[in-house]
Amino acid sequence: MLKTALWRLLALFFLGLAFIGLILPGIPTTEFVLLAVWASANGWPRLHRWLLAHPRFGPMITQWQTHRAIPRRAKWIALLSMLVSAALLITSNAPMWVKYSVPVVMALVMIWLARRPEMPTLACESEK
């Protein structure tokens, strides 16, 4: 019972961060949705099914689960939000170590993200 409650709490936490990421630049959405799917699969089957059937998130989740692929559009949105966030951070009053370390972490995440495969479009598949 406690284990299930912890998985559910974790799924809600990640889902909440994903929704915040829809609004705020610099906070990812895709990664938190994928983490919410993982947590819900371990303790909340109803939420897990809802996320898989969701019209906006479902296809992205399926692509990730079957091919470890991330849509090109999500990659571009991530890149642009990281660039805007880094620019805002560098011009802020944040401590110097934050101004230097956070953009480095963002760059590493972007490199990892860019190296993930993309799903081929239907037009490309029909030409083959």
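By convention here, the first residue in the shown sequence is residue 1. Quick note: numbers below take in every heavy atom, side chains included, and nothing from hydrogens, waters or symmetry partners. For clarity, every value in this text was computed on a predicted model and none was experimentally measured.
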Do you reckon Val102 sits in the same ILVMFWY cluster as Met82, going by side-chain contacts under 4.5 Å, direct or chained? yes

Which distance, rounded to the nearest 0.5 Å, do you find between the CG of Leu17 and the CG of Leu12? 11.0 Å

Take Leu10 and Leu6 through the test side-chain contact (heavy atoms from CB on, under 4.5 Å) and record every step on the way to the result. CA-CA 6 Å; Leu10 192 60; Leu6 289 174; over 6 Å; no

Extract all donor-acceptor atom pairs below 3.5 Å that involve side chains of residues 104-116 and protein atoms in other chains or at least two apart in sequence.
| residue | atom | partner | partner atom | Å |
| --- | --- | --- | --- | --- |
| Arg116 | NE | Trp112 | O | 3.2 |

For the pair Ser92 (side chain) and Leu89 (backbone), establish whether a donor and an acceptor sit closer than 3.5 Å, ignoring hydrogens and angles. yes

Is Val33 reachable from Trp76 through a run of I, L, V, M, F, W or Y residues, each pair having side-chain heavy atoms under 4.5 Å apart? yes

Do Ile90 and Val84 share a hydrophobic cluster, counting only Ile, Leu, Val, Met, Phe, Trp and Tyr and linking them when any side-chain heavy atoms are less than 4.5 Å apart? no

Hydrophobic cluster identity match, Ile70 and Leu22, side-chain contacts under 4.5 Å: yes

Closest non-hydrogen atom pair, Ala69 against Glu118: CB-C, 4.1 Å

Just list the side-chain donor-acceptor pairs under 3.5 Å for residues 39-47, sequence neighbours left out, or say none.
| residue | atom | partner | partner atom | Å |
| --- | --- | --- | --- | --- |
| Ser40 | OG | Ala36 | O | 3.0 |
| Ser40 | OG | Val37 | O | 3.0 |
| Ser40 | OG | His48 | ND1 | 3.4 |
| Asn42 | ND2 | Trp38 | O | 2.8 |

Pairs of donor and acceptor atoms involving the side chains of residues 51-65, under 3.5 Å and at least two apart or interchain, shall be tabulated with distances.
| residue | atom | partner | partner atom | Å |
| --- | --- | --- | --- | --- |
| His54 | ND1 | Arg56 | N | 3.0 |
| His54 | ND1 | Phe57 | N | 3.2 |
| Thr62 | OG1 | Gly58 | O | 3.0 |

Membership question, hydrophobic clusters at under 4.5 Å side-chain separation (ILVMFWY): are Ile20 and Phe32 in the same one? yes

Starting at CG of Leu9, measure out to CZ of Phe14 and round the result to the nearest 0.5 Å. 10.0 Å

